[in-house]
Amino acid sequence: MASKRGALIVLEGVDKAGKTTQCQKLVQALQQSGRPAEMMRFPERSTTIGKLISSYLEKKNDLEDHTVHLLFSANRWELVPLMKKKLEQGTTLVVDRYAFSGAAFTSAKPGFCLDWCMKPDVGLPKPDLVMFLQLSPAEAALRGQFGEERYETSVFQKAVQQKFEQLMKDPSVNWQVIDASKSVENVHKDITTHSLNTINTAQTVPLGELWK
Ligand code: ADP
Ligand code: 2DT
């Protein structure tokens, strides 16, 4: 019998919602309970494409908006073979941002529509679960100042939040909204419950294709 595949689990949300904190805690909890799991993040800044994106985000270079959008997508596509291999080997992948951030951030810029922004990511491995960490701008502000990178302003983050809300209306994606205003431990409990259910069901269904 073929071995059981891992689940593709994505955490999304606006800046400071707790995505990185929760991805790390989830991977640790899964590993401690004997389930193979690894964390990934997008953008993955270590590749050649990722380095271009990183210097754009750090405002060290300027890139035309369509171009950088396609680079973010290419940065996901270049990791697809590795993702598929790990999933097939039974490793659950916990991913900090994915195509949803791609579509939400670019479509929050003037002159872009959500539909165009989704197109380059059509056919990517479809997450078995996407958890959206919901946090109001006021609560996010309590978690500290915005950093120095591109997009880190409250006006832009509000526009991004609205785009995420549009994306969450799509019933072809398994969205779960998580109340990210709770304590780190309580958010972790909610995320773990959803993830364990997903890991069990993913074993019996093939990996899907996103937005197809
Ligand atoms: P993101 O990856 O979504 O930007 P982080 O995980 O980096 O968010 O967390 C942003 C900041 O908020 C960090 O200082 C982190 O320690 C803090 N934080 C994360 N989760 C919570 C929580 N549930 N309650 C309070 N502070 C939190
Ligand atoms: P962090 O590394 O702090 O998550 O910031 N982004 C991300 C896009 O504009 N498009 C994408 O496809 C992705 C994955 C979100 C990364 C910043 O890059 C934005 C914040």
Side-chain angles (χ1 to χ4, degrees), residues 10-28 39-47 49-80 83 94-109 112 114 116-122 124-125 127 130-154 156-161 163-164 167 178-192 210-211:
V10 170
L11 269 72
E12 286 282 10
V14 290
D15 220 51
K16 295 187 281 188
K19 297 177 295 299
T20 305
T21 306
Q22 294 298 334
C23 282
Q24 287 166 346
K25 282 184 77 70
L26 178 59
V27 168
Q28 203 177 23
M39 181 170 165
M40 293 183 74
R41 63 174 53 76
F42 289 107
E44 171 48 66
R45 301 185 190 218
S46 65
T47 67
I49 294 170
K51 287 189 181 114
L52 273 173
I53 293 172
S54 189
S55 85
Y56 169 81
L57 289 170
E58 291 166 15
K59 299 179 191 163
K60 289 180 184 158
N61 69 4
D62 272 324
L63 289 166
E64 193 275 331
D65 288 327
H66 299 79
T67 310
V68 76
H69 182 73
L70 297 172
L71 286 176
F72 272 110
S73 177
N75 184 232
R76 284 182 279 281
W77 280 108
E78 68 178 334
L79 284 154
V80 166
M83 291 171 75
V94 176
V95 187
D96 188 345
R97 296 190 190 275
Y98 198 52
F100 313 98
S101 277
F105 275 74
T106 304
S107 67
K109 295 179 177 179
F112 284 87
L114 203 49
W116 185 88
C117 293
M118 290 161 77
K119 285 282 188 313
D121 287 313
V122 170
L124 277 179
V130 188
M131 287 178 278
F132 184 78
L133 273 56
Q134 185 83 266
L135 192 70
S136 69
E139 284 164 317
L142 295 176
R143 294 188 183 173
Q145 304 282 309
F146 280 112
E148 298 289 304
E149 287 207 332
R150 216 178 277 266
Y151 305 143
E152 293 183 339
T153 68
S154 59
F156 193 72
Q157 294 284 323
K158 275 180 199 154
V160 170
Q161 166 85 26
K163 298 297 179 180
F164 273 125
L167 286 166
I178 304 289
D179 179 358
S181 68
K182 295 186 192 173
S183 69
V184 170
E185 280 312 319
N186 284 335
V187 176
H188 173 61
K189 274 187 201 149
D190 291 347
I191 284 178
T192 305
L210 182 63
W211 293 330

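For ligands, and for the atoms within them, numbers begin at 1 and follow the listed sequence.
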query = Between Y98 and ligand 2, is there a nitrogen or oxygen pair with a distance under 3.5 Å?
reply = no
inquiry  = Using the rule given for salt bridge (Lys or Arg N to Asp or Glu O under 4.0 Å), can you reason through K16 versus E139, listing the C-alpha separation, both sets of side-chain angles and the distance that settles it, and then say yes or no?
reply    = CA-CA 9 Å; K16 295 187 281 188; E139 284 164 317; over 6 Å; no
message = Does the plane of the ring in F105 sit parallel, tilted or perpendicular to the ring in F164? Use 30° and 60° as the thresholds.
response = perpendicular
request  = Measure the acute angle between the ring planes of W211 and F100, then classify it against the limits of 30° and 60° as parallel, tilted or perpendicular.
outcome  = perpendicular
request  = Can you figure out which of K16, E12, E139 has its heavy atom closest to atom 10 (C) of ligand 1?
outcome  = K16
ask   = Who gets closest to atom 5 (P) of ligand 1 by heavy atom: D179, T21, L142?
value = T21
query = Which ligand 1 atoms, with their elements, are less than 4.0 angstrom from a heavy-atom of V184?
reply = 20 (N), 21 (C), 22 (C), 23 (N)
inquiry  = Closer than 4.0 Å to some heavy atom of K19 - which atoms of ligand 1 meet that?
reply    = 1 (P), 2 (O), 3 (O), 4 (O), 6 (O), 8 (O)
inquiry  = Is the contact between S181 and ligand 1 made by the side chain, the backbone, both, or neither, using heavy atoms and a 4.0 Å cut-off?
reply    = neither
remark   = Counting heavy atoms under 4.0 Å, the part of K182 that contacts ligand 1 is backbone
N/O donor-acceptor pair under 3.5 Å between [X] side chain and [Y] backbone:
{"X": "R150", "Y": "Y56", "value": "yes"}
{"X": "E44", "Y": "N75", "value": "no"}
{"X": "Q161", "Y": "Q157", "value": "no"}
{"X": "K51", "Y": "R45", "value": "no"}
{"X": "E152", "Y": "F146", "value": "no"}
{"X": "E58", "Y": "K60", "value": "no"}

message = Check this for me - ligand 1, A17, N or O atoms closer than 3.5 angstrom, yes or no?
response = yes
ask   = How about atom 14 (O) of ligand 1: does it have a protein heavy atom within less than 4.0 Å?
value = no
note = side chain to side chain contact (heavy atoms under 4.5 Å, CB included) test vs K25 passes for just one of V94, V187, V184, T20, namely V184
task = Could you tell me which atoms of ligand 2, counted from 1 in the order shown, lie closer than 4.0 angstrom to a heavy atom of F42?
result = 14 (C)
request  = Just jot down the ligand 2 atoms closer than 4.0 angstrom to any heavy atom of L57, in number order.
outcome  = 16 (C), 17 (C), 18 (O)
Protein residue, atom and distance nearest to [atom], heavy-atom basis:
{"atom": "atom 4 (O) of ligand 2", "value": "R97 NE, 2.7 Å"}
{"atom": "atom 2 (O) of ligand 1", "value": "T20 OG1, 2.8 Å"}
{"atom": "atom 25 (C) of ligand 1", "value": "R143 NE, 3.5 Å"}
{"atom": "atom 9 (O) of ligand 2", "value": "F105 CB, 3.3 Å"}
{"atom": "atom 7 (C) of ligand 2", "value": "F72 CE2, 3.6 Å"}
{"atom": "atom 8 (O) of ligand 1", "value": "G18 N, 3.1 Å"}

task = State if S183 counts as touching ligand 1 under the rule of any non-hydrogen atom under 4.0 Å.
result = yes
Proximity to ligand 2 by part of [X], non-hydrogen separation under 4.0 Å:
{"X": "R45", "answer": "side chain"}
{"X": "P43", "answer": "both"}
{"X": "R76", "answer": "side chain"}

inquiry  = I'd like to know if R97 pairs up with D15 as an ion pair, taking the criterion as any Lys NZ or Arg NE/NH1/NH2 lying under 4.0 Å from an Asp or Glu carboxylate oxygen.
reply    = yes
task = Test H66 against F112 for ring pair (Phe, Tyr, Trp, His ring centres under 6.0 Å), laying out the working first.
result = CA-CA 9 Å; H66 299 79; F112 284 87; 4.5 Å; yes
message = How close do E12 and A99 get, counting heavy atoms only, and between which atoms?
response = OE2-N, 4.4 Å
